[in-house]
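A quick write-up on the structure given underneath.
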Amino acid sequence: MKENPAAFVLFSCILTFLIGMFAMLDYPLWSFPVTVVMSCLIFYMYQNSTRVLRQHQVTEPKQDAIKQEIQETYNTKITYQVVKGLLNILPSPYILIDRNGRLTFINAEAKSIVPDSQIGSHISNVFRSPVFLSAVENAIHKDKEKTLSFEIETPQFRQLKAHIFFISSSKIPNSFNDIFIQFTDESTHIRSEKVRTDFVANASHELRTPLTSIMGYIETLQGHAKKDVKMQRVFLDLMNKQAGKMERLISDLMSLSRLEIDELKPISSTCSVKDIIEELVNSLKPLSIDNNVSLSFKIPKNLSSLLGDPSQLRQLFSNLIENAIKYSGKKSKVNIYISKEKHKDMFGVVVEDNGHGIAPEHLSRLTERFYRANSNTEIEKEGTGLGLSIVKHILIRHRGKLQIDSKLGKGSKFIAWLPKMKKTS
Ligand code: ADP
């Protein structure tokens with residue numbers, strides 16, 4: 001009856017009528033107004049009860065809905081925290097943005113790409129690329145996922161690939177509405193591709209230059225110098241020099257490629273630094289005399305042995321000592337000794353000269369392939385620009401490192417740090 005107001009009205013009316021009838025028998029005068037007042041009272045009660053009933057009927061589902069909403073928000077929050085936690089440990093850069101284009105999350109990897117970004121900032125304040133921003137707009141307003149490449153200039157140039165996507169609630173229950181953007185930094189790949197193409201271009205250029213000279217001399221020998229014996233001797237001498245240059249370049253290129261192949265191969269042989277340097281100093285004496293450079297060395301016998309590839313270490317020290325003789329200038333002194341600087345597990349072999357020195361802007365680039373500090377001088381033309389790059393690779397293979405200290409007009413110090421041999425008991 002509570003659910004059926006019509007039955008309630010009928011029942012109340014019958015009850016009122018009966019009470020009225022009974023009352024009329026005893027009190028005919030009062031019975032009519034009493035019946036009317038009671039009817040009103042019953043009607044008022046009915047009204048009230050149906051209102052409360054109606055209210056109750058409306059409020060209960062509403063409360064359930066609110067409860068459900070709270071539960072869903074709570075679940076979404078939990079999901080959000082889980083997703084954020086996962087994105088934080090992923091090695092890829094990730095950001096999340098809401099449907100207003102504002103940053104709601106950025107993981108550590110993405111922060112390294114855009115360190116100035118703040119949660120709550122609009123995406124257009126974080127990235128300036130129009131192609132990227134229009135893809136984000138399409139994602140926000142048209143739910144369009146997209147993968148695209150774009151560049152950023154600040155804080156440093158990067159080539160980025162962005163994958164803009166959503167995660168629907170069918171994939172993750174209680175998922176939220178945010179848009180996911182995953183980045184891939186393609187700069188390293190592009191840079192290494194550039195290094196490779198530069199290397200091929202440089203190597204071909206360096207080989208073509210002496211080859212072109214040789215071809216020119218051959219043409220002259222076949223032409224107007226055909227019968228001139230004196231000229232023939234001069235040209236053959238020049239051709240020999242150019243061929244020697246080509247040979248050095250090819251041998252350096254082969255050394256580099258061998259070193260790259262062997263880089264991870266463990267070294268099992270031992271050798272004596274003192275013996276290698278002594279032998280080199282003797283063989284380079286003629287070069288030092290030609291260049292009017294005094295050459296001396298002082299290597300103690302007790303640290304002479306180390307775990308190393310003898311032919312590679314010979315090449316390493318030969319490149320450093322030859323450079324010191326070639327580039328330090330006439331009347332300079334080249335000394336080879338063990339560094340007094342203490343390094344826990346390493347010792348440093350110093351090749352020092354008191355020559356021209358190297359300008360600071362070149363220092364960090366000296367071990368790049370084909371890099372020369374001053375490519376205009378005659379001496380520079382004799383080099384291949386690969387010597388220090390080979391030194392670096394040999395040291396990498398030996399788990400060592402190269403230190404270069406130089407001052408213009410004062411001279412240079414090249415220190416090859418090598419691991420000490422562990423004592424076996
Ligand atoms: P290169 O075949 O030209 O000698 P390297 O890689 O051995 O190539 O050396 C790179 C450059 O470093 C040289 O061209 C030279 O400008 C500079 N350099 C190397 N050693 C010295 C030194 N001892 N003094 C001055 N400059 C040096």
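When a ligand or atom number is given, it counts from 1 through the structure's own listing order.
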Would you call R314-D275 a salt bridge at under 4.0 Å N-O? no

Closest to atom 10 (C) of ligand 1 (heavy atoms only, candidates Y371, F370, Y327) is Y371

Exercise for review: For the pair F317 and F297, evaluate ring pair (Phe, Tyr, Trp, His ring centres under 6.0 Å) and give the outcome as yes or no after the intermediate values.
Suggested key: CA-CA 12 Å; F317 292 118; F297 80 100; over 10 Å; no

Ranking I358, V391, T367 by closest non-hydrogen atom to atom 27 (C) of ligand 1, top hit is I358

**Asked** What do you reckon, is NZ of K407 surrounded by more than 12 foreign heavy atoms closer than 6.0 Å?
**Response** no

Would K194 and D198 pass as an ion pair if we require N to O under 4.0 Å? yes

If you compare L366, I325, N319, D353 by their heavy atoms, the one closest to atom 17 (C) of ligand 1 turns out to be L366

Could you tell me if any non-hydrogen atom of K326 lies under 4.0 Å from any atom of ligand 1?
yes

Atoms of ligand 1 under 4.0 Å from any heavy atom of T384, numbered from 1 in the order shown, are 1 (P), 2 (O)

Basic-acidic side-chain contact under 4.0 Å: E322, R248:
no

- Item | Test item, S412 contacting ligand 1 (heavy atom, 4.0 angstrom) | yes

With respect to L388, determine whether any N or O atom, backbone or side chain, lies less than 3.5 Å from an N or O atom of ligand 1. yes

More than 12 heavy atoms of other residues, nucleotides or ligands under 6.0 Å from CD of E260: is that the case? yes

Can you check whether F414 has an N/O within less than 3.5 Å of an N/O in ligand 1?
-> no

Practice item. Measure the distances from the heavy atoms of G385 to every atom of ligand 1 and state whether one is below 4.0 angstrom. Key: yes

Atom NZ of K111: over 12 foreign heavy atoms under 6.0 Å
yes

A student comparing L363, L249, N323, I321 should find that the heavy atom closest to atom 19 (C) of ligand 1 comes from N323

